[in-house]
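Start at 1 and go down the list; that is how both ligands and their atoms are numbered.
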Amino acid sequence: MSDRETAPKSGAPAVTPYGGNRPNGEPKRKKVTVTRLAQMRAEGEKIAVLTAYDATFAAFADAAGVDCVLVGDSLGMVCQGRSSTVSVTLEEMRYHTQCVAQGLERHASSALLIADLPYGSFHQSREQAFASAVVLMQAGAQMIKLEGGGWTVEIVAFLTERGIPVCAHLGLTPQTVAALGGYKVQGRLPEEARQMKTDALALEAAGASLLVLEMVPAELASSITQELKTCATIGIGAGSGTAGQVLVMHDMLGMNLGRMAKFVRNFMDGATSIEGAFAAYVAAVKEGSFPDDKQHAW
Ligand SMILES: Nc1nc(=O)c2c([nH]1)NC[C@@H]1CN(c3ccc(C(=O)N[C@@H](CCC(=O)O)C(=O)O)cc3)CN21
Ligand SMILES: CC(C)C(=O)C(=O)O
Ligand SMILES: [Mg+2]
């Protein structure tokens, strides 16, 4: 049995983040790297990603077996109480990235740390994007995520050529919610779907290691996943055919200040602790039972 499969079931004794000791003498998991993510994609092992914004939640997510922790600019909504992510600054992202990196460092972690480039921090030029990415890398990020289609391809190439692993993000891109007219499903029309596929292939060719697909019809997300050769897709509201899944941590713990999106499952249902809920999420992603039809109506 792999160490992944020994992750505590919901309600199992608490993991012990700080100190790095694993319960029941479990071996420490290997670090998740870009190479490991590529291997998981090739072998069909699902990639489980959760957001975190502080040290303690990041360490507990890691201890529960999450492959990547994402410091999302969703922190503007869940931490700052705003109605969009547009106001989040690079300095705020740097601060939370540092908090999460510190939590992972204290807890002999294995999860790969991804951080979002916020709105306005990469839009002016490749040089601006690189300088912003360096701020987050120096705060402890191991991969940088940025939203956008074809126009970001040259930025992705510029960053990856300089040694910064990149996660791209297509479909619903929350930073452009004003232009999209709301948090809506993307890629429904045939020409939108074609464009998304073209963008995905160009982003992979530019060196993107991961690609978040948000609020995309399941069939389109599956088809993009299969057409990509090296880049692993991470879905949110994109069905079960992607190489991995991501959720905002607060959502999967049943906490949301607004209306919960349809693609969320509350993993506190049936769990007796937060670490139990994280472990249940990891198990459900790995075995392919999350998401199911309840979470996906498009
Ligand atoms: N707490 C939280 N969870 C998220 O998943 C999340 C954030 N914040 N902030 C940044 C973006 C914004 N996201 C959102 C926000 C709202 C919907 C939403 O209301 N979805 C509706 C569908 C609406 C439609 O199809 O017209 C739903 O019922 O799922 C979806 C994604 C995803 N991201
Ligand atoms: C929802 C994920 C993909 C994200 O970008 C965020 O949390 O900011
Ligand atoms: Mg984001």
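The closest donor-acceptor contact from the side chain of K46 to the backbone of T242 lies under 3.5 Å. N256 places a side-chain N or O within donor-acceptor distance of the main-chain N or O of G258, the cut-off being under 3.5 Å. A donor-acceptor pair is defined here as one N or O able to donate and one able to accept, closer than 3.5 Å; no such pair exists between the side chain of T160 and the backbone of G207. No donor-acceptor pair under 3.5 Å is formed between the side chain of R162 and the backbone N or O of A157.
Between the side chains of E91 and T89, no donor N or O sits under 3.5 Å from an acceptor N or O. Side-chain contact of T225 with S222: a donor-acceptor pair under 3.5 Å is absent, judged by distance alone.
We find the SG-CG distance between C79 and D54 to be 7.5 Å, quoted to the nearest 0.5 Å. Atom CD1 of I164 is separated from atom OG of S209 by 12.0 Å, given to the nearest 0.5 angstrom.
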N or O contacts of ligand 2 with protein under 3.5 Å, please list pair by pair.
unit_1, atom_1, unit_2, atom_2, d
ligand 2, 5 (O), D116, OD2, 3.3
ligand 2, 5 (O), K145, NZ, 2.8
ligand 2, 7 (O), S74, OG, 2.6
ligand 2, 8 (O), D73, N, 3.1
ligand 2, 8 (O), D73, OD1, 2.8
ligand 2, 8 (O), S74, N, 3.0
ligand 2, 8 (O), S74, OG, 3.3
ligand 2, 8 (O), D116, OD2, 2.9

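Under 2.8 Å from the Mg ion (ligand 3), one finds the following protein N/O/S atoms: D73 OD1, D116 OD2.
Aromatic ring orientation, H96 versus Y53: perpendicular (interplanar angle above 60°, classes split at 30° and 60°).
Among pairs with a residue in residues 165-187, none fulfils ring pair (Phe, Tyr, Trp, His ring centres under 6.0 Å), at least two apart in sequence or across chains.
Under 4.0 Å is where a charged nitrogen must lie from a carboxylate oxygen, and between D67 and K286 at least one such pair does. Between E192 and K197 there is no salt bridge, since no side-chain N of the basic residue sits under 4.0 Å from a carboxylate O of the acidic one.
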>> Set out, in order, the CA-CA distance, both residues' side-chain angles and the distance that settles salt bridge (charged side-chain N to carboxylate O under 4.0 Å, His left out) for R36 and E45, then state yes or no.
In response: CA-CA 10 Å; R36 173 75 190 124; E45 180 181 345; 2.9 Å; yes

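Contact residues of ligand 1 (protein heavy atom closer than 4.0 angstrom to a ligand atom; sorted by chain and number): S74, M77, V78, T85, L172, P174, Y183, K184, V185, E214, M215, I236, V248, D251, N256, R259, A261, K262, F263, W298.
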